[in-house]
Amino acid sequence: MSTATNNSYADEPWADRDLENYVVRAKEPFNAEVKLDKLVENFVTPTERHFRRNHGPIPDIDGKSWSMTVEINTQSPSMRRSAHTVTLADLQRLKQFEVVAVLECAGNRRDGLKAIKPVNGVIWGAGTASNSQWSGCRLRDVLVTAGIPANLCDPFYETPRHVEFAAYGDASDDVHYASSIPLSWVMNPLNMVLVATEMNGKPLLRDHGFPARIVAPGIIGARWVKWLKYVRVQDHESDCFYQKRDYKILPPMANESNC
């Protein structure tokens with residue numbers, strides 16, 4: 001469980017938040033969706049009009065000293081467990097890619113669900129979807145450098161595995177924010193899963209994950225982890241609250257008495 005207190009919010013990046021563009025749903029942690037009349041004005045969403053979704057205070061990270069750990073932690077007899085430290089310079093030495101992709105909060109239009117029955121989470125309207133240009137290296141290339149097989153026909157992939165991402169900073173429901181997606185999805189070069197360091201041609205803002213975040217086109221925003229602390233290849237999904245308990249779609253008959 002997080003140890004965050006109100007004092008943790010003393011260094012929020014308010015100068016980067018143009019509040020006239022937003023409907024603020026919560027101040028701490030800061031959660032704001034874009035006003036729809038402003039959202040539809042551009043095909044590529046300007047950074048100052050990109051929605052803000054957070055589960056805790058915004059980390060203040062020095063990009064020059066930042067690093068993340070890339071871990072291989074599987075039971076595969078062909079893959080030795082290992083851990084590698086990766087810096088921003090290391091990421092920038094890999095081949096860089098650009099992808100235009102929509103980031104959508106998994107709770108977008110939750111107000112419509114609430115109209116039917118009670119729901120948990122921030123009650124969003126339709127303004128938590130934004131289309132941006134993301135730049136960085138492929139996560140696939142980071143993992144290949146750490147020793148993961150590049151060829152998806154390698155016997156290593158006969159057993160389903162997952163890639164967990166964790167963030168620096170506190171989170172409201174767990175020790176940190178973490179989530180995961182299937183390794184086979186990450187390693188398919190057509191899926192263009194990035195370790196992004198730029199958004200719309202400029203370094204990421206703190207609200208959007210500076211200095212590095214996951215960009216996973218076609219997958220809910222809850223898996224696009226910001227402020228990367230580690231990337232871990234493992235044999236199971238993330239055990240974090242935000243993977244195991246949150247962001248679930250349940251059948252209509254589900255309620256508090258049978259789930």
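Starting from 1, each residue takes its place in the sequence as its number.
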*Asks:* Between atom NZ of K229 and atom CD1 of I61, what is the distance when rounded to the nearest 0.5 Å?
*Replies:* 10.0 Å
*Asks:* When rounded to the nearest 0.5 angstrom, what distance separates CD1 in I72 from CZ in F156?
*Replies:* 7.0 Å
*Asks:* Among E33, K35, K38, R52, which one satisfies side-chain hydrogen bond (donor to acceptor under 3.5 Å, both in side chains) with Y22?
*Replies:* R52
*Asks:* Give the intermediate values and the outcome of side chain to side chain contact (heavy atoms under 4.5 Å, CB included) for residues L19 and V24.
*Replies:* CA-CA 8 Å; L19 296 182; V24 177; 4.2 Å; yes
*Asks:* Would you call Q234 and R161 a side-chain contact if the rule is heavy atoms closer than 4.5 Å?
*Replies:* no
*Asks:* Any salt bridge between K114 and D111, counting N to O under 4.0 Å?
*Replies:* no
*Asks:* Determine the minimum heavy-atom distance between V122 and R25, stating which atoms define it.
*Replies:* CG1-CB, 3.6 Å
*Asks:* If you compare all heavy atoms of L152 against all heavy atoms of N188, which two are closest, and at what distance to 0.1 Å?
*Replies:* CD1-CA, 3.9 Å
*Asks:* Look at the side chain of R206 and the backbone N and O of P59, then say whether any donor-acceptor pair between them is shorter than 3.5 Å.
*Replies:* yes
*Asks:* Are there more than 12 heavy atoms of other residues, nucleotides or ligands under 6.0 Å from atom CZ of R49?
*Replies:* yes
*Asks:* Is the count of non-hydrogen atoms from other residues, nucleotides or ligands lying under 6.0 Å from K95 atom NZ greater than 12?
*Replies:* no
*Asks:* Can you check whether H50 and H208 have ring centres sitting under 6.0 Å from each other?
*Replies:* yes
*Asks:* Without swapping roles, check the side chain of R223 against the backbone of A216 for a donor-acceptor pair under 3.5 Å.
*Replies:* no
*Asks:* Which heavy atom in I219 sits nearest to a heavy atom in W224, and how many Å separate them?
*Replies:* O-NE1, 2.9 Å
*Asks:* If you define the side chain from C-beta out and look only at heavy atoms, does anything of W134 sit under 4.5 Å from L204?
*Replies:* yes
*Asks:* Once you round to the nearest 0.5 Å, how far does CZ of F51 lie from CG of L39?
*Replies:* 10.0 Å
*Asks:* Tell me whether I123 shares a hydrophobic cluster with I220, the cluster being built from Ile, Leu, Val, Met, Phe, Trp, Tyr side chains joined at under 4.5 Å.
*Replies:* no
*Asks:* Take V100 and S132 through the test side chain to side chain contact (heavy atoms under 4.5 Å, CB included) and record every step on the way to the result.
*Replies:* CA-CA 6 Å; V100 175; S132 297; over 6 Å; no
*Asks:* Which atoms form the tightest heavy-atom contact between P29 and N54, and what is the distance?
*Replies:* CG-O, 3.6 Å
*Asks:* Please report the C-alpha distance between Y157 and N151 in whole Å, then the side-chain angles of each, then the deciding distance to 0.1 Å, and finally whether the side chain to side chain contact (heavy atoms under 4.5 Å, CB included) criterion is met.
*Replies:* CA-CA 9 Å; Y157 294 103; N151 187 349; over 6 Å; no
*Asks:* Indicate yes or no: does R17 engage D207 in a salt bridge with an N to O separation below 4.0 Å.
*Replies:* yes
*Asks:* Do N191 and V186 come close enough that some side-chain heavy atom pair is under 4.5 Å?
*Replies:* no
*Asks:* L143 vs L183, test: side chain to side chain contact (heavy atoms under 4.5 Å, CB included). Steps then yes/no.
*Replies:* CA-CA 10 Å; L143 296 180; L183 174 63; 3.9 Å; yes
*Asks:* Within the structure provided, determine whether W185 and V163 are in side-chain contact (heavy-atom separation under 4.5 Å).
*Replies:* no
*Asks:* Counting only heavy atoms not in D37, do more than 12 fall under 6.0 Å of its CG?
*Replies:* yes
*Asks:* Using the test salt bridge (Lys or Arg N to Asp or Glu O under 4.0 Å), find all partners of R53 that sit at least two apart in sequence or belong to another chain.
*Replies:* none
*Asks:* Below 4.5 Å, heavy atoms only, C-beta onward: do F97 and M192 meet side chain to side chain?
*Replies:* yes
*Asks:* Group every Ile, Leu, Val, Met, Phe, Trp and Tyr by side-chain heavy-atom contacts under 4.5 Å, then state whether L94 and F165 land in the same group.
*Replies:* yes
*Asks:* If we ignore hydrogens and angles and just use 3.5 Å, is the side chain of D174 paired with the main-chain N or O of F241 as donor and acceptor?
*Replies:* yes
*Asks:* Return yes if a side-chain donor-acceptor contact under 3.5 Å exists between T45 and N131, otherwise no.
*Replies:* no
*Asks:* Where the side chain of R213 meets the backbone of K226, is there a donor-acceptor pair that is under 3.5 Å apart?
*Replies:* no
*Asks:* What distance do E71 atom CD and H84 atom NE2 have between them, rounded to the nearest 0.5 Å?
*Replies:* 10.0 Å
*Asks:* Does Q133 use its side chain to pair, donor to acceptor, with the backbone of V44 at less than 3.5 Å?
*Replies:* no
*Asks:* Say you draw a straight line from CG of D154 to OG of S78; how long is it, rounded to the nearest 0.5 Å?
*Replies:* 6.5 Å
*Asks:* State whether the number of non-hydrogen atoms from other residues, nucleotides or ligands found under 6.0 Å of R245 atom CZ is greater than 12.
*Replies:* no
*Asks:* With heavy-atom distances below 4.5 Å as the criterion, would you say the side chains of R93 and C137 are in contact?
*Replies:* no
*Asks:* What's the shortest heavy-atom distance between P211 and L88, and which atoms?
*Replies:* O-CD1, 4.0 Å
*Asks:* Would you call the rings of Y242 and Y247 parallel, tilted or perpendicular if under 30° counts as parallel and over 60° as perpendicular?
*Replies:* tilted
*Asks:* Flag the pair H176 / Y168 as yes when their ring centroid distance falls below 6.0 Å, and as no otherwise.
*Replies:* no
*Asks:* Could you tell me whether the side chain of V231 reaches within less than 4.5 Å of the side chain of V142, counting heavy atoms only?
*Replies:* no
*Asks:* How far apart are the closest heavy atoms of L228 and W66, and which atoms are they?
*Replies:* O-NE1, 3.0 Å
*Asks:* Can you check whether D235 reaches H162 side chain to side chain, under 4.5 Å on heavy atoms?
*Replies:* no
*Asks:* Hydrophobic clustering (ILVMFWY, side-chain heavy atoms < 4.5 Å, transitive) - are Y230 and V215 grouped together?
*Replies:* no
*Asks:* Taking a hydrophobic cluster as the set of Ile, Leu, Val, Met, Phe, Trp and Tyr residues connected by side-chain heavy atoms closer than 4.5 Å, whether directly or through intermediates, do V144 and V86 fall within one such cluster?
*Replies:* yes
*Asks:* Assess the side chains of E164 and S180: does a donor N or O sit below 3.5 Å from an acceptor N or O?
*Replies:* no
*Asks:* Rounded to the nearest 0.5 Å, what separates atom CG in L194 from atom OG in S135?
*Replies:* 8.0 Å
*Asks:* Tell me whether Y9 is reachable from Y177 by hopping between hydrophobic residues (I, L, V, M, F, W, Y) whose side-chain heavy atoms are closer than 4.5 Å.
*Replies:* no
*Asks:* Does a donor on one side chain sit under 3.5 Å from an acceptor on the other, for N73 and R232?
*Replies:* no
*Asks:* Could you tell me whether the side chain of E104 and the main chain of V102 form a donor-acceptor pair under 3.5 Å?
*Replies:* no
